[in-house]
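Note sheet for the following structure.
As the structure is a computational prediction, the values presented were derived from the model and not from experiment.
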Protein chains: 2
Amino acid sequence: MKIGEASRLSGCHIETIRYYERVGILSPTVRSESGYRCYADHHIQQLRFILHARELGFSVDDIRELLSLKEQPDLSCQAVDSITDKHLHGIRNRIKYLESLARELRRISASCPGGDIAECRILEALGNSSD
Amino acid sequence: MKIGEASRLSGCHIETIRYYERVGILSPTVRSESGYRCYADHHIQQLRFILHARELGFSVDDIRELLSLKEQPDLSCQAVDSITDKHLHGIRNRIKYLESLARELRRISASCPGGDIAECRILEALGNSSD
DNA sequence: CTTAAAGTCTGTAATCGCTACAGAGTCAAG
DNA sequence: CTTGACTCTGTAGCGATTACAGACTTTAAG
């Protein structure tokens, strides 16, 4: 099948499919006489895997590694767990960071009486280095 | 003062200072005979404002607007509030999104018995389109 | 006075994960 | 036979920096 159908079946944009091939997480395809990429079922499977992993926020590098591990069924899945844990850890850190930002913004915003710019506490707070 | 001292006083990297000038959120400087940038106190103030706003996650475009509003003390600070609220909203949405990712990752991760890759439920879950 | 080190300049490329073209070629239907 | 849909490659853009290379200037020490 050609890239258009692969796109419809996998849910990946055409340009993204070509991108995944370029960065080496999607296996290269056979080419037709005219140079069109020809996709097989396993490509669709791969694309769905990639898409789902991306939806869960895994990086392309993580996915490369996950796909490579997938090819070695006899290995312990500890490496997979480790990638997942690291990723989860990263997400939790980002959440904590964003929560602290939100708290701080809320605090600053609440302190502003809402009159003229001259008395705006938000701008004032931004002007002061560490408050 | 030259860029090195401006960097030390403001806490911005030298290259970042030049970048802020290039994108137009830091006022251009007078140049010395040899072409070195000469910074005054108000540049340091501006840099601290920018740095703090960036720490709170405001975009460069937001900052450009905040700085421009700051120059008009007679205006209502409603525009400032609006930028801040929008930003806070964006952060809260990102938090929600990351929390849903974390829940899903946790769920998938917990379902894995931890043996061989062949039985790894994480890889299995990633392979299945919508679960 | 010379030389070495530290500072500064401009311009360009890299980061990440796509997305969006331009311009050319291919294929199927009417 | 032509129109339109599809595909190709290659390149540039996004955002906010960071990281050079290669050239120039200034400062401090010997």
Taking for A/R37 and for B/G57 the nucleotide of DNA chain D with the nearest heavy atom, the one nearer the 5' end belongs to A/R37

Identify, residue by residue, the members of residues 6-28 of chain A with a heavy atom below 4.0 Å from DNA chain C, and return them in order of residue number, or none.
A/H13, A/E15, A/T16, A/Y19, A/Y20

Would you find more than 12 non-hydrogen atoms of other residues, nucleotides or ligands less than 6.0 Å from A/E21 atom CD?
yes

For B/F49, the ring-ring contact (aromatic ring centres under 6.0 Å, His included) test, sequence neighbours excluded, returns none

Using a 4.0 Å cut-off to any heavy atom of chain B, which nucleotides of DNA chain C are the first and last in contact, reading 5' to 3'?
C/dG7 to C/dT10

Below 3.5 Å is the cut-off: list the nitrogen or oxygen pairs between protein and nucleotides 26-29 of chain D, distance only.
unit_1: D/dT26; atom_1: OP1; unit_2: B/S34; atom_2: OG; d: 2.9

Would you say A/Q72 has more than 12 foreign heavy atoms packed within less than 6.0 Å of its CD?
yes

Apply side chain to side chain contact (heavy atoms under 4.5 Å, CB included) to B/H43 and B/S27, showing your working.
CA-CA 7 Å; B/H43 287 111; B/S27 315; 4.0 Å; yes

Separation of D/dA16 P from B/L56 CG (nearest whole Å):
14 Å

For B/R18, give me all partners under side chain to side chain contact (heavy atoms under 4.5 Å, CB included), at least two apart in sequence or on another chain.
B/I3, B/I14, B/E15, B/R37

When the rotation axes relating C1' atoms of four end pairs to the next four are compared across the helix from C/dC1-D/dG30 to C/dG30-D/dC1, five pairs an end, they differ to 10° by 30°

Test your reading of the model: is there a side-chain donor-acceptor pair from A/R64 to the backbone of A/V23, 3.5 Å cut-off?
yes

Result of checking B/D62, B/I25, B/L26 against B/L67 for side-chain contact (heavy atoms from CB on, under 4.5 Å)
B/I25

On a heavy-atom basis, which atom in B/C112 and which in B/R121 lie closest, and how many Å separate them?
SG-N, 3.5 Å

Atom CG in B/L56, atom CG in A/L126: separation rounded to 0.5 Å?
6.5 Å

Taking side-chain contact (heavy atoms from CB on, under 4.5 Å) as the criterion, tell me which of A/D81, A/L69, A/I83 meets it with B/I122.
A/D81

Would you find a donor on one side and an acceptor on the other, under 3.5 Å apart, between the side chain of A/S7 and the backbone of A/C12?
yes

Under a 4.0 Å N-O cut-off, is there an ion pair linking B/E104 with B/R107?
yes

Walk me through it: do A/K70 and B/L123 pass the test side chain to side chain contact (heavy atoms under 4.5 Å, CB included)?
CA-CA 7 Å; A/K70 213 172 170 223; B/L123 291 177; 4.0 Å; yes

